[in-house]
Peer 1: 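One structure, as structure tokens, below. Some questions next.
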Amino acid sequence: MTLIMSLTSQAADSPLSEPSGSAVDWLSEPTLMAQITGFLLLVLAAYVAYRITKQVLLTTVGRIVRRTSFEWDDTLQEFKVFDRLADVAPAVAVYYGVALIPSWPQAAQLVIGRVAGATIILVALLSAGALLSAVNAIYSATPTGRDRPIKGYVQIVKILLYVVGGVVIVSTLIDRSPLIFLSGIGAMTAVLLFIFRDTILSFVASLQIASYDLVRVGDWIEAPQYGADGDVIDIALHTIKVQNWDKTVTTIPTHRLIDGSFKNWRGMSESGGRRIKRSIYVDMNTIRFLSEADLDHFERFALLQGYVQGKREELAGDAAEPTGDPELIVNSRRLTNIGTFRVYLTAYLRRHSQIHSGMTQMVRQLDPTPDGLPLEIYAFTNTTDWLEYEGIQADIFDHLLAIAPAFGLRAFQHPAGRDIETALSRDVGNDRIGG
């Protein structure tokens with residue numbers, strides 16, 4: 001034990017211990033070389049802290065994320081939350097390392113320390129912003145998040161966070177209490193309200209949208225005043241993006257969408273049926289009463305057999321009580337081709353496999369127009385898919401137009417140049433024959 005203490009005492013008194021003390025004393029001297037050396041050491045310490053944090057922390061976190069079965073940690077890594085946190089290491093090294101360089105003037109140490117402290121706060125703000133974005137993405141991936149987005153609320157929290165963080169950064173740089181700046185905000189309320197007017201209105205509109213479930217991502221909306229007709233692809237604090245059917249994107253201010261009126265087709269999509277409401281115009285010159293031969297002909301139609309038989313029995317009962325000369329049309333009830341055609345179309349819709357049986361089905365006449373008598377089909381398909389809907393609607397009207405001549409009816413159509421040419425040719429031919 002005495003030998004060890006003796007060796008230790010000799011080592012302390014030997015010249016080998018002098019360089020260490022000399023190096024510290026040299027760095028403590030206020031020379032330019034010592035200050036440059038201290039600066040390089042500080043930069044080296046910050047770089048080493050950065051590399052160690054990146055290599056150790058991020059590599060370890062990456063391995064853990066890949067091994068877990070959770071998806072939320074993948075989202076955190078996707079939004080670089082851990083990368084942001086790793087950036088704080090060099091700022092911390094500078095913040096605490098600057099005090100270990102005595103050769104620097106105190107003023108320089110204070111300035112660098114404040115800048116490093118402000119950098120730490122800035123990195124923390126960016127990390128918090130990335131975390132909020134990741135939380136929004138995780139929530140949006142859930143069934144509830146798809147229907148009720150919180151992106152607007154997340155943006156509000158980010159704005160408040162950055163405003164408060166900006167005040168703290170400025171107060172750190174100038175070494176003043178943040179309360180001094182926050183107390184001055186009361187006097188600037190009117191200015192802030194003017195600056196953030198749209199933000200406040202958009203926030204209130206976002207609350208209304210979420211509370212009353214007015215719009216969801218994926219809804220088909222129509223807002224003609226903004227030229228929007230398509231699917232909602234994004235709901236943010238300030239804007240709502242609508243992808244129109246021509247693949248253009250319309251951006252609508254959130255508060256203006258609520259101030260005005262818009263049509264949301266979500267109810268149609270959720271009902272499972274899409275409405276057909278279209279008319280053909282029947283040439284009124286082709287409307288007439290049906291004869292017995294016509295009734296015999298229509299009785300052969302499967303969709304009209306029961307109707308014609310029932311009407312014949314009803315008309316026979318009325319004929320048993322004569323009210324005048326039966327030879328006159330006005331003294332007897334008769335069926336018309338347009339009425340029979342309407343009954344046929346009603347039966348056709350009821351038998352159609354792609355028409356929704358639980359919703360309104362109707363074939364009705366509208367007010368006569370100079371273009372003819374409108375005969376409207378009012379029904380719902382049993383699908384809401386756009387392509388299928390258009391196909392079903394086209395098939396129904398293909399059949400309607402093709403079968404109309406079987407009832408002695410003709411669809412009205414304005415004369416074209418060919419029609420006028422044919423009519424003029426007939427008139428010329430008749431004049432020649434007469435001459």
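These values consider heavy atoms only, across backbone and side chains, with no hydrogens, waters or symmetry-generated copies. Residues: numbered from 1 along the sequence shown.
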Peer 1: So, for Ala116 and Ala91, which heavy atoms are closest and what is the spacing to 0.1 Å?
Peer 2: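 Residues Ala116 and Ala91, closest heavy atoms: CB-O, 3.8 Å.
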Peer 1: Can you measure from CD1 (Ile174) to CD1 (Ile169) and round to the nearest 0.5 angstrom?
Peer 2: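 The CD1 atom of Ile174 sits 12.5 Å away from the CD1 atom of Ile169.
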Peer 1: Contact between Val215 and Leu257 at the side-chain level, heavy atoms closer than 4.5 Å - yes or no?
Peer 2: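 A side-chain contact exists here, since the closest heavy-atom pair is under 4.5 Å.
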Peer 1: Applying ring pair (Phe, Tyr, Trp, His ring centres under 6.0 Å), name anything that partners Tyr50, two or more places apart in sequence or on another chain.
Peer 2: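 Listed in chain order: nothing, the list is empty.
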Peer 1: Would you say the side-chain atoms of Asn337 pair up with the backbone N or O of Thr286, donor to acceptor, closer than 3.5 Å?
Peer 2: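 Such a contact is found between Asn337 side chain and Thr286 backbone.
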Peer 1: For the residue pair Asp219 and Trp265, establish whether any side-chain heavy-atom pair is separated by less than 4.5 Å.
Peer 2: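 Result no, sub-4.5 Å side-chain heavy-atom pair not found.
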Peer 1: Please examine the side chains of Leu409 and Ile338, heavy atoms only from C-beta on, and report whether any two atoms are closer than 4.5 Å.
Peer 2: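 Yes. Closest side-chain heavy atoms under 4.5 Å.
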Peer 1: Gln365 and Leu375: which non-hydrogen atoms are nearest, and at how many Å?
Peer 2: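 Residues Gln365 and Leu375, closest heavy atoms: CG-CD1, 3.8 Å.
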Peer 1: Is it the case that over 12 heavy atoms from other parts of the model lie below 6.0 angstrom from the NZ atom of Lys241?
Peer 2: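 No.
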Peer 1: Under 3.5 Å, is there a donor-acceptor pair linking the side chains of Thr248 and Asn244?
Peer 2: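 A donor-acceptor contact under 3.5 Å links the two side chains.
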Peer 1: Below 4.5 Å, heavy atoms only, C-beta onward: do Val123 and Ser127 meet side chain to side chain?
Peer 2: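 Side-chain contact under 4.5 Å: yes.
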Peer 1: With a 4.5 Å limit on heavy-atom distance, are the side chains of Met362 and Thr346 in contact?
Peer 2: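 Answer no - side chains too far apart.
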Peer 1: What's the verdict on side chain to side chain contact (heavy atoms under 4.5 Å, CB included) for Trp245 and Trp386, showing C-alpha distance, side-chain angles and the deciding distance?
Peer 2: CA-CA 11 Å; Trp245 300 123; Trp386 189 11; 4.0 Å; yes
Peer 1: Give, for atom CG of Leu335 and atom OG1 of Thr340, the distance between the pair rounded to the nearest 0.5 Å.
Peer 2: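 Interatomic distance, Leu335 CG to Thr340 OG1, rounded to 0.5 Å: 5.0 Å.
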Peer 1: What's the verdict on side chain to side chain contact (heavy atoms under 4.5 Å, CB included) for Lys311 and Val308, showing C-alpha distance, side-chain angles and the deciding distance?
Peer 2: CA-CA 5 Å; Lys311 282 297 182 181; Val308 173; 5.8 Å; no
Peer 1: Might you confirm whether atom CZ of Arg114 has over 12 heavy atoms from other residues, nucleotides or ligands at distances under 6.0 Å?
Peer 2: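 Result for CZ/Arg114: enclosed.
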Peer 1: For Thr381 and Gln354, test the side chains for any donor-to-acceptor distance below 3.5 angstrom and give the result as yes or no.
Peer 2: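 Side chains of Thr381 and Gln354: no pair found under 3.5 Å.
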Peer 1: For Phe262, does the CZ atom have more than 12 heavy-atom neighbours from other residues, nucleotides or ligands under 6.0 Å away?
Peer 2: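 Check passes, neighbour count above 12.
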Peer 1: Ignoring hydrogens, what is the shortest heavy-atom contact between Gly358 and His356? Give both atom names and the distance.
Peer 2: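 Shortest heavy-atom separation between Gly358 and His356 comes out as N-ND1, 3.0 Å.
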Peer 1: When you measure from the centre of the six-membered ring of Tyr389, is the NZ or CZ of Arg274 under 6.0 Å away and within 45° of the axis?
Peer 2: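 Ring-cation test returns yes.
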Peer 1: Side chains of Ile355 and Ile276, heavy atoms from C-beta outward: is any pair under 4.5 Å?
Peer 2: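 Answer yes - side chains close enough.
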Peer 1: Report yes or no: does Ser279 contribute a side-chain atom to a donor-acceptor pair with the main-chain N or O of Pro374 at less than 3.5 Å?
Peer 2: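 Looks like no, no N/O pair under 3.5 Å.
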Peer 1: Please check if any side-chain donor atom of His352 sits under 3.5 Å from a side-chain acceptor atom of Asp395, or the reverse.
Peer 2: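 The answer is no; no qualifying pair exists.
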Peer 1: Taking the side chain as every heavy atom from C-beta outward, state whether Phe412 and His414 have any pair of such atoms under 4.5 Å apart.
Peer 2: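 Yes, at least one pair of side-chain atoms sits under 4.5 Å.
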Peer 1: How long is the gap from CZ on Phe380 to CE on Met359, to the nearest 0.5 Å?
Peer 2: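 Going from the CZ atom of Phe380 to the CE atom of Met359 covers 6.0 Å.
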Peer 1: I need the minimum non-hydrogen distance between Gly218 and Asp231, along with the two atoms involved.
Peer 2: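 The pair with the smallest heavy-atom distance is O-OD1, 4.0 Å.
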Peer 1: Salt bridge check: are Glu376 and Arg278 linked by an N-O gap of less than 4.0 Å?
Peer 2: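 Salt bridge absent between Glu376 and Arg278.
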Peer 1: Quick one: list whatever passes ring pair (Phe, Tyr, Trp, His ring centres under 6.0 Å) with Phe341, sequence neighbours left out.
Peer 2: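 Expected list: Phe407.
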Peer 1: Are any side-chain N or O atoms of Asn382 and backbone N or O atoms of Ser353, one a donor and one an acceptor, separated by less than 3.5 Å?
Peer 2: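 Checked: pair present.
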Peer 1: Any idea which heavy atoms bring Ala402 and Pro405 closest together, and the distance?
Peer 2: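 Of all heavy-atom pairs spanning Ala402 and Pro405, the closest is O-CD, 3.4 Å.
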Peer 1: What I want to find out is whether Glu222 reaches Arg266 closely enough, with some N-O distance under 4.0 Å, to be called a salt bridge.
Peer 2: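 Between Arg266 and Glu222 there is no salt bridge, as every charged N stays at least 4.0 Å from the carboxylate O atoms.
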Peer 1: Drop me the distance from Leu237's CG to His255's NE2, to the nearest 0.5 angstrom.
Peer 2: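 Interatomic distance, Leu237 CG to His255 NE2, rounded to 0.5 Å: 11.0 Å.
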Peer 1: State whether the side chain of Thr254 and the backbone N or O of Thr239 hold a donor-acceptor pair below 3.5 Å, judged by distance alone.
Peer 2: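 Pair found, side chain donor or acceptor close to backbone of Thr239.
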Peer 1: Over all heavy atoms of both residues, which pair between Leu161 and Gly129 is shortest? Give the atoms and the distance, please.
Peer 2: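 Shortest heavy-atom contact: CD2-N, 4.5 Å.
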Peer 1: Classify the angle between the aromatic ring planes of Tyr348 and Tyr344 as parallel (below 30°), tilted (30 to 60°) or perpendicular (above 60°).
Peer 2: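 Answer is parallel, since the angle falls under 30°.
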Peer 1: Got a salt bridge between Arg288 and Asp294, using NZ or NE/NH1/NH2 to carboxylate O under 4.0 Å?
Peer 2: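 Salt bridge: yes.
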Peer 1: Regarding His238 and Thr199, do their side chains bring together a donor and an acceptor under 3.5 Å, going by distance alone?
Peer 2: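 Present: a donor and an acceptor within the cut-off.
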Peer 1: Which distance, rounded to the nearest 0.5 Å, do you find between the CZ of Arg350 and the CG of Leu303?
Peer 2: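 Separation between the atoms: 11.0 Å.
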Peer 1: Taking Asn264 for the side chain and Leu214 for the main chain, is one N or O donor matched with an acceptor at less than 3.5 Å?
Peer 2: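 At least one qualifying donor-acceptor pair exists.
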Peer 1: Hey, could you give me the OG1/CD1 distance between Thr172 and Ile120, rounded to the nearest 0.5 Å?
Peer 2: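 Reported to 0.5 Å precision, the distance equals 9.5 Å.
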Peer 1: Are Trp220 and Asp229 close enough that a side-chain donor and a side-chain acceptor fall under 3.5 Å?
Peer 2: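 Note: Trp220 and Asp229 side chains meet the donor-acceptor criterion.
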Peer 1: I'd like to know if the side chain of Gln413 reaches the main chain of Asp283, judged simply by a donor and an acceptor atom lying under 3.5 Å from each other, with no hydrogens or angles considered.
Peer 2: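 Absent.
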Peer 1: Taking the side chain as C-beta and beyond, is there a heavy-atom pair between Ile396 and Leu349 under 4.5 Å?
Peer 2: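 Of all side-chain heavy-atom pairs linking Leu349 with Ile396, at least one is under 4.5 Å.
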Peer 1: Give the intermediate values and the outcome of side chain to side chain contact (heavy atoms under 4.5 Å, CB included) for residues Ile209 and Ile240.
Peer 2: CA-CA 11 Å; Ile209 289 174; Ile240 293 177; 3.9 Å; yes
Peer 1: Checking side-chain polar atoms at under 3.5 Å, does Ser133 have a donor or acceptor matched by the opposite partner on Lys158?
Peer 2: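 Result is yes, a qualifying pair exists.
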